Amino acid sequence: MRRAGGGLLLAAVLAAGACAAGAKLDTLDSQLGTLSKENTEASRTKLAALASQAQAEAKSSDGVNRVALYRVAAVSAWQAGAAGQSQVLPITDEGIAACDALPAKDRTAPRDCALIRLAAPLAVQDDLTRQLATLQGHASGGKLPNADLQPVQGVFDGLETQFDKVSTIRAEVVTLDVPNDFKLRTDRQRLIVYCNAVKAWSLYGDVDGASLDTFNALAQRKKQMTDRLEVDGIATDCRAIPTTQGFDDK
Amino acid sequence: MDPTLIIFGIRALIRLAREGVAAFNQFERDRPALFPDGLSADFRQIDFIRTTFIPDHQDLLTGTGAFAKYWSGTAPAKVPGAMEALYIGAVQLFSEDQAKKKQVTPRKGVEIGGAVMIQQWASGKGPVGPVGRMVIAMADVGLEFVGANPSLLGVGGNGEKLIGALATNLADMIPDDGDALGPKSQLAERFVGIFLRAGLKTLDEQPNLVVREEHLQTLIKNTLPPIIAALPANLADQARWRDVADALLGPAASAAISTVAANPRAFLGARFDPNQAIGALTQAMLQQAAKTGLKQEFTEAGFIGLYQAALGVAAERPELFLGRPGTPAQQLASDLFAKLAATFKTAPPPFNADLGTELAVAVLDTVKQDGPRFIDKGGPWENLVVSLSMQVVDGLKSGLTDPATGGISSVLSEQQLIELARTFLTQAAKTPGMIAGGNTELQAVVGGVAKAMAADKNLLLAPDDWLGIAAVAAEEAAANPQRLFKINDSTPAGAIGSELIKDLLSVAGTELAKGGRASGGVLFGATLREAITVSLRSASGNAKAAVDNQAALKGLAETLSELVRTHPTQYGAKEWLTLYRTLITRVLQAGALGPLADAQIAKILEGGLAA
């Protein structure tokens, strides 16, 4: 009996320890949902803290639970905006490594792994878009100062790179058993990155002393992105993507 | 009670408890999760106009296009109503474009904005649900567990040594400052991994390269910390840096290890430690790549080519990077890459792409080989690298842009163009006076030969012939400054070397028109090449006579060509050249020759003096 009692105790301890992952996930996921709706400076600071907490929980967890916690950490860091900038890449690196370590890699937790992979390029696109909005604000009489030439082109280059990354991830996402909504959302993100790139390219034309050759060369690169979207059946109408409200504080 | 049953019962409880927990965790994991939207900047009216018209309908904005009067350069013209007219036009064009692309339709879901909640699995695609899982666990409770084999993770051979190097060096790279324990420490780990994988691959592919383990560690210690220290704080810049490092660091590591292995003496016990220069160079190369992007001035191969050439300089001449007071090696390496990038960005095509990089590689190779002859190691030698590159580019430019002939690009491939540049650079390095103190003699020589090459409309000479002629031209121009190819080429006197080549090409072209080989003509290929060589060597020491008698020199070639063509059974290419070699001296001294008598020809061909 004594043996049997010890066994029951062991089972209870194991259950309590392992149960913690699901409970933690529930708590952290709920906080992510609440904080991401608030969209204030304070909530973004809390999201950055939430990202750290989820990352720490992920490190002490394993397998698919670890991946789920990294998904919370990655999305939290992304949504924290500038406050979470330094966290995004380390978290997504660790999260991707956790996905790669799963028995069937991303197929074991398709939505979570896809979100982890998307978080870094989308966080970078958000950062670039904040820079773009700042540059748009430099316009005076329809013109930007010549000093903005390189920064505007840099934003275009960066967005083009993120478009390429999200498109590459999308090619994998469509082979996963994720809901169709997830695939449509991924396409929407590609369209958002594309449209921001179009805006950066167009803004280049407003910069004082912009080179026509460079402008036309960038137009060809923009067209390549257009073609990639259209091949996947996505209409490239940027008027369908509304401006994010108050995001320049984000 | 049977003890076996007790143990079984305990196991069953543990198993079921575990499954219960797993089922709960699965329930939490697979619940709908937040998928936020990316940020979107303001899409202005002008953005819609530009993206609709350009590039697909750009013709409507220029020349006689319907909207040309409303457009100027990259923006609407300052004409009343321009923006409105362009917008209406753009709306119409966009509708027409969409109608043509019937397969592209706005998709529901893509259009819905804001964050959404999404399930883990597509309907019917996920694993067994939490309840089903418990049922299966109860049925399975009597099965025994099978252990895994932990030795599967064992690593042996070179891999073990390199992982040892990773552990040793990683500790040095992780910053002590707790605040910096974010992305930088992550990158340290990642970069060391990339570096070591590349190192292992290099050693695996070239086992003859023996690099001692501690040597590799030194290389890593010196190469990676400055890169990690330079990591920017901004996320977008950080991501760009990481992309660049991911793309270039592996090939760079291979190049660095190969360079170290190929130059063991240079990297062991030298007065200057070239390993320090490698760190500086690697950081500078990645910094430049992150700044300009991998798709801009240089390709990945271009960056690595340039890096490898600079490593060669560091191995052979470390003092060039490490010996300038007041200028750290990193600054010098950054300046070198930045200046080359800026130079080739504005260089004329095709030097504004990888060909420019290859040219810079050729210049750096020249610095490595002959640097001490023409470089002041304490001075800004990186400026000389740029200026040498540009002298060659500017010289070749004049021969590349002839719209009638297509220029020398129709004669030489890009690789042969670089060989041509190397020919000139090698000669210039041997004759420092050609390039010292802002002298542009090199440019004049390159330009003179390039112009002459562009005149070879009939492709009478093969690329190898031209490379040989270039070597002679460079050698003679170096030995006889300001004679064959003066900087001012507006008159024949300014570029008699080019004129002589062009005259011989013209005579050869006329021969071709008269039937060429089929009619007994010999002035093409090796004969033409030799004739040009003879004329350049003869004129170099007597440029004034060559200018004064240019027409007579051309007349000599015409006379000999006519003679050989009309007497095919008596004379051939060998006779043409013998007569030319002998008589050119006389033409230079005395001007045009009269008709050649048979006896006179015979005497020259027999080896006697001409009468």
Side-chain angles (χ1 to χ4, degrees), chain A residues 3-4 7 11 14-15 18-19 21-22 25-26 32-33 36 64-65 68 75 79 85-86 89-90 93 111 122 124-129 132-133 136 157-158 177-179 181-182 184-185 187-189 192 196 198-199 202 205 210 212 215 219-220 223 230 233-235 238 240-241 243-244 247, chain B residues 6 9-10 13-14 17-18 20-21 24-25 27-29 33-43 46-48 50-51 54-55 73-75 98 101 103-107 109-111 113 115-116 118-123 125-126 182-183 186 190 233-236 238-240 242-243 293:
Chain A
R3 267 184 176 179
L14 276 171
C19 204
L25 184 60
D26 180 39
L32 169 61
S36 61
V64 277
N65 294 330
V75 174
Q79 290 304 290
Q85 268 193 3
S86 63
L89 293 178
D93 277 351
R111 177 203 60 196
L122 292 177
V124 175
Q125 105 83 31
D126 281 4
D127 186 38
L128 291 163
T129 304
L132 175 62
Q136 282 180 332
D157 292 343
D177 291 330
V178 288
D181 277 358
F182 192 98
L184 293 173
R185 293 304 293 181
D187 278 338
R188 178 177 167 81
Q189 302 317 306
I192 288 172
N196 286 325
V198 169
K199 294 162 200 172
S202 173
L212 185 57
F215 181 74
Q220 291 302 329
K223 183 169 166 51
E230 290 184 349
I234 301 161
C238 294
I241 304 289
T243 307
T244 310
F247 77 82
Chain B
I6 295 173
I10 291 169
L13 277 171
I14 292 171
R18 276 183 179 164
V21 169
F24 172 66
N25 287 343
F27 172 75
E28 288 298 335
R29 280 196 312 270
L34 184 76
F35 191 153
D37 238 358
L39 299 181
S40 181
D42 185 21
F43 189 64
I46 180 63
D47 300 332
F48 177 68
R50 283 195 179 109
T51 195
I54 303 170
T74 61
Q98 291 301 301
K101 300 170 188 167
Q103 76 283 11
V104 179
T105 52
R107 285 161 56 184
V110 174
E111 286 190 319
V116 294
I118 296 185
Q119 299 271 3
Q120 179 89 262
W121 298 97
S123 179
K125 296 285 187 182
Q186 285 289 327
R190 189 187 183 101
N234 174 290
L235 177 61
Q238 232 175 65
R240 198 177 310 145
R242 199 175 70 166
D243 290 346

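By convention in this document, chain letters (A, B, ...) are assigned in the order of the sequence lines, proteins followed by strands, and residues within each chain are numbered from 1. These values consider heavy atoms only, across backbone and side chains, with no hydrogens, waters or symmetry-generated copies. Since the structure is predicted, the reported quantities are computational estimates derived from the model, not experimental observations.
For the pair A:Q136 and B:A41, the tightest heavy-atom approach, listed with the atom from each and the gap, is OE1-CB, 3.9 Å. Smallest separation of non-hydrogen atoms from A:G22 and B:E28: O-CG, 3.4 Å. Here the shortest heavy-atom pairing between B:A33 and A:R111 reads N-NH1, 3.3 Å. The heavy-atom pair separating A:Q220 from B:P55 by the smallest distance is NE2-CB, 3.6 Å.
The closest donor-acceptor contact from the side chain of B:N25 to the backbone of A:N65 lies at 3.5 Å or more, if one exists at all. Not a single donor-acceptor pair under 3.5 Å links the side chain of B:Q120 to the backbone N or O of A:V178. No donor-acceptor pair under 3.5 Å is formed between the side chain of A:R188 and the backbone N or O of B:D37. With hydrogens and angles ignored, the 3.5 Å screen pairs a side-chain donor or acceptor of A:D126 with a backbone N or O of B:L39. Not one N or O on the side chain of A:T243 forms a donor-acceptor pair closer than 3.5 Å with the backbone of B:S40. A donor-acceptor contact shorter than 3.5 Å is absent between the side chain of B:R29 and the backbone of A:A68.
Counting heavy atoms from C-beta on, the side chains of B:D47 and A:C238 never come closer than 4.5 Å. Side-chain contact between B:F43 and A:V198 is present, with at least one heavy-atom pair separated by less than 4.5 Å. Considering only heavy atoms from C-beta on, B:T74 comes within 4.5 Å of A:L212 through its side chain. With a 4.5 Å cut-off on side-chain heavy atoms, A:F182 and B:Q119 do not count as touching. Counting heavy atoms from C-beta on, the side chains of A:V75 and B:P36 come closer than 4.5 Å.
With respect to chain B, the highest number of heavy-atom pairs below 4.5 Å among A:G158, A:A219, A:A210 belongs to A:A219.
Taken from CG in A:D26 to CZ in B:F27, the straight-line distance is 8.5 Å, to the nearest 0.5 Å. If you take CG on A:N196 and CG on B:D42, they are separated by 10.5 Å, rounding to the nearest 0.5 Å. With rounding to the nearest 0.5 Å, the separation of CD in A:Q189 from CZ in B:F35 is 5.0 Å.
Heavy atoms closer than 4.5 Å to chain A are found nowhere in B:S123, neither backbone nor side chain.
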